[in-house]
Amino acid sequence: MPSGYPFKEIEIKWQEYWRKVRLFNTPSDSVRPKYYCLEMFPYPSGRIHMGHVRNYTIGDVVARFKMMQGFNVLHPMGFDAFGQPAENAAIKNKTSPATWTYKCIDWMRQELKKMGFSYDWEREISTCSPDYYRWNQWIFLKMFERGLAYKKSSSVNWCPSCLTTLANEEVINGGCWRCATAVEKKDLEKWYLKITEYQECLLEDLKELKHWPERVVAMQENWLGKSVGAEIYFREKTTGEVIPVFTTRADTIFGATYIVLAPEHPMISKIKQQISNIEDVEKYIEIVKKETRLQREDVAKTKTGIELKGVKAINPVNNEEVPIWIADYVLMEYGTGAIMAVPTHDQRDFLFAKEHGLPMKIVIEKPETSPSTALGTDTEQSRSARNQKPEELTEAYEAEGIQVNSGQFDGLPNTVAKEKIAVWMEEIGIGKKEEKWRLRDWLISRQRYWGTPIPVIYCDKCGTVAVPEVDLPILLSENVEITGKGGSPLSRVKEFVETKCPKCKTKARRETDTMATFFDSSWYFLRFCSPKNKGEIFDKKDISYWMPVDQYIGGIEHAVLHLLYSRFFTKFFKDLGLVDFKEPFRHLLTQGMVLKDGEVMSKSRGNIVDPDEIIKDYGADTLRLAMLFAAPPEAEIDWNERGIEGTWRFLNRVWRMVEEQQPAPVKRSGLGKPETRVQKPEDSSVLDLKRKIHQTIKKATEDIENSFQFNTAIAAIMELVNEIYAQKPETRVEKPEIKEAIEAVVRLLAPFVPHMSEEMWEKLGHKESIF
RNA sequence: GGGCGAGUGGUGGAAUGGCAUACACGCUGGACUUAAAAUCCAGUGACCGCAAGGUCGUAAGGGUCCGACUCCCUUCUCGCCCACCA
């Protein structure tokens, strides 16, 4: 351990002081302007890691900085405490998820306190507490009342390792977000939240999020996936069954030479009798079913498929008969699960048609681009030069052009025809303008124990019945055997399952699935505003004072999941009249990851840097400052111990500089006589120093406030310290400008290294907290 | 395939049209010390030069401008997100 300033005593002293004077306990009724600074709350794993240190240090600097500027700052902390790791730990350690979780919360709270973060611990919440999750159940009931929570049977994502269903957002590259196991498909009847009801405003309101990172907005846009086009009704020739297809290229409809259905398409069983090669078709469907999601969605592989022989589809715009195929590259989940194929103007269709020898027809021609014909003359030669035969094509022509072979639309630019054809089809009833979204409703049922019970009862007579509000909370049973096998653990708890129907009072069963934990975190930022409210989910007064969150800080991994769900909940609350704003988070900062040797820190890699060790050897202040000095907050940091040493050296340099100063009598700012200083003849180095003080204050303030450039703010403070040291040693104590400079350094450093700054502030003769 | 971002010394990184490389790390030399640690001082983009000084230099190429790391065009490389999305 290096020798230097006594950080240990100092950190304990000031943490104790802050607690005693309740410096960070924030009243809601202040007349000062408010500032709500929030960092994404952690899952209580027990120990904090470097990612937490970074996230929470950034937040703490912002919170303390705003505090020093005079804002009434809400800076709360809590625990996202439900979730599967607790169940796994319970099995492993032969304890209960609750016991394990609460122990972890205690450890974690201790660790966070050791970092000196300015949290209002009186507002702490844990999502696994009945005081919290009863409001999950309440929200669910409100959604159920409005048809926004509903049960349906559908093909769902299933993680065979976690033994539970997953939301689409929780499937990352075809694997489970927790364990990366390849996700399977299962047909199950489960609970959904109708997030699609809000898709339009979830997209529209992204425009208002001017202070969100562009890439997060882009990721949400991608995820919502709005796509404008047309639905076109093909018909099967003999049965007359209508097969709607979705396309964004209605302009190419005259070039549709076959259609392709997803192998799961319900039409297949409807026209089964007419399919002459049904055995082969069924064999093919079986093969596709066995493919994992990842295999099926591999873009690089050759597209497989099989023609449905004996049936034909009629293209409604020209009544041409075209073959019907099924292929694994057409997905049932998107659009109508059926496409029209235009090989000449879609590269995928082109490759598929080449592979299987399917016909092609050109319906869009390259526009004339040579300067002479741009004026209006289009020669025979240039036309024929452009006029390729389909069989000569080496790839699909996907760019803009002029309609050909398209009946009354010939000669129109395709961009115009796209709209006209859609309108025309709608008029004569063979299609309509349509938009499709990628977003699916949110599957929230989890076949796990450690989560919020879904407040629903199944009665043989009355069907699915919502638990009445007065019966909330539906408590999680405590005596549950967690085995990790055999479906929802609650289903094996007789006293939980068996109940009475709230309507007819006869024997009924409770729903035994629990809610996805992302439900819990979709509104916790609202609960922080009135964390102790027993009678209501939150106090409207508190909400209207504190919300929206002024600054939200967290990892990019939540760009879609948590941030999208939170926006959805906020919009739902607005519709309920509980809040009067559309978006919950005004500014968003997504901090970069903390790596070690270019890799994510993990147990299996054995490259974990333990913040505790650094706190023990150098103190929390050094760790905090080193983390922020290493890089701007959005960038990745490859953690290097050397950064710690340099920061430690710097802080000791500052410490010695303060120790040199004799404690001066307390002078209140504003009561001094600045003019006496000005009148004194001054040497140029003093003038330079005064200039430097104010340049530094300006630079550091702007860097923190405008762009979160903590690294350059710190660099500016370092420069000022260097400047002070450049003064002659014998004059350092006498000159009032030196004291002024040192006080500026201490105050500027305070948000970064709060313990040490408080101590130095005291040494400089101040009786009150620097904050 | 679509979208977002990045590319600057040995290293982390500064500079958003005006002295390229702030600040820090590392390294080299020096002071202090019996010695080490700590601390302090000096130097540190490359090349030429004893020096003064000069030449080159921000992924590559081109352009705009009195002036470009910064703006525009072309290309390359890397990272992230979405993706047989019809």
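Labels below follow one simple rule: chain letters A, B, ... track the order of the sequence lines, proteins then strands, and each chain is numbered from 1. Atom set for the values below is all heavy atoms of this structure, side chains included, hydrogens, waters and symmetry mates excluded.
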Under 4.0 angstrom, heavy atoms only, what part of the nucleic acid is [X] near: base, sugar-phosphate, or nothing?
X	value
A:Leu331	base
A:Pro632	sugar-phosphate
A:Gly225	nothing
A:Arg642	sugar-phosphate
A:Asn652	nothing
A:Val342	nothing

Spacing between [X] atom [atom1] and [N] atom [atom2], to the nearest angstrom:
X	N	atom1	atom2	value
A:Glu221	B:rC81	CD	C1'	12 Å
A:Asp328	B:rA86	CG	C1'	14 Å
A:Ile243	B:rA86	CD1	P	20 Å
A:Phe629	B:rA14	CZ	P	10 Å
A:Glu169	B:rC82	CD	P	11 Å
A:Trp655	B:rA38	CH2	C1'	17 Å
A:Asp638	B:rG13	CG	P	9 Å
A:Glu636	B:rC81	CD	P	11 Å

Reckon [X] has a side-chain N or O less than 4.0 Å from the OP1 or OP2 of [N]?
X	N	result
A:Ser227	B:rA86	yes
A:Asn711	B:rA14	yes
A:Arg438	B:rA83	yes
A:Asn722	B:rA24	yes
A:Arg653	B:rA38	no
A:Arg649	B:rC25	yes

Expressed as a whole number of Å, how far does the [atom1] atom of [N] sit from that of [M]?
N	M	atom1	value
B:rC27	B:rA20	P	29 Å
B:rG63	B:rA14	P	31 Å
B:rC25	B:rC32	P	24 Å
B:rA46	B:rG10	P	7 Å
B:rG26	B:rC81	P	34 Å
B:rU75	B:rA22	P	35 Å
B:rG17	B:rG12	C1'	27 Å
B:rC19	B:rG67	P	15 Å

What is the base-pairing partner of [N], counting Watson-Crick and G-U wobble geometry with both distances under 3.5 Å?
N	result
B:rA86	none
B:rU39	B:rA31
B:rA24	B:rU11
B:rG5	B:rC78
B:rG17	none
B:rA68	none
B:rU58	none

Closest listed nucleotide, where the reference is the side chain of [X] and the choices are [options]:
X	options	value
A:Lys303	B:rA22, B:rG2, B:rC84	B:rC84
A:Trp223	B:rA83, B:rC81, B:rC80	B:rA83
A:Ala631	B:rC84, B:rU39, B:rG13	B:rG13
A:Arg348	B:rG26, B:rA15, B:rA86	B:rA86
A:Met718	B:rC23, B:rG5, B:rC84	B:rC23
A:Arg215	B:rA14, B:rC4, B:rA86	B:rC4

[X]/[Y] ion pair, N-O < 4.0 Å:
X	Y	result
A:Lys699	A:Asp703	yes
A:Lys303	A:Glu355	no
A:Glu645	A:Arg642	no

Open item on the list: Heavy-atom nearest nucleotide on RNA chain B for A:Ala630 versus A:Asp703: which residue maps closer to 5'?
Closed with: A:Ala630
Open item on the list: Pick the closest RNA chain B nucleotide for A:Ala338 and for A:Glu645 by heavy atoms, then say which residue is nearer the 5' end.
Closed with: A:Glu645
Task: A:Phe710 and A:Phe752 aromatic ring geometry - parallel, tilted or perpendicular at 30°/60° bounds - done: perpendicular
Open item on the list: Ring centres under 6.0 Å, that's the criterion: do A:Trp648 and A:Phe7 meet it?
Closed with: yes
TODO: From the options A:Glu204, A:Glu200, A:Glu221, A:Glu434, select the one residue that forms a salt bridge (Lys or Arg N to Asp or Glu O under 4.0 Å) with A:Lys226.
DONE: A:Glu200
Task: Chi-based syn or anti call at B:rG49, which uses purine or pyrimidine torsion atoms and a 90° bound - done: anti
- [ ] State whether a side-chain donor-acceptor pair under 3.5 Å links A:Ser521 with A:Tyr565.
- [x] no
Task: Between A:Glu634 and A:Thr590, a side-chain donor and acceptor under 3.5 Å - done: yes
Task: Steps toward salt bridge (Lys or Arg N to Asp or Glu O under 4.0 Å) verdict (A:Arg235, A:Glu241) - done: CA-CA 5 Å; A:Arg235 268 170 300 109; A:Glu241 291 282 354; over 6 Å; no
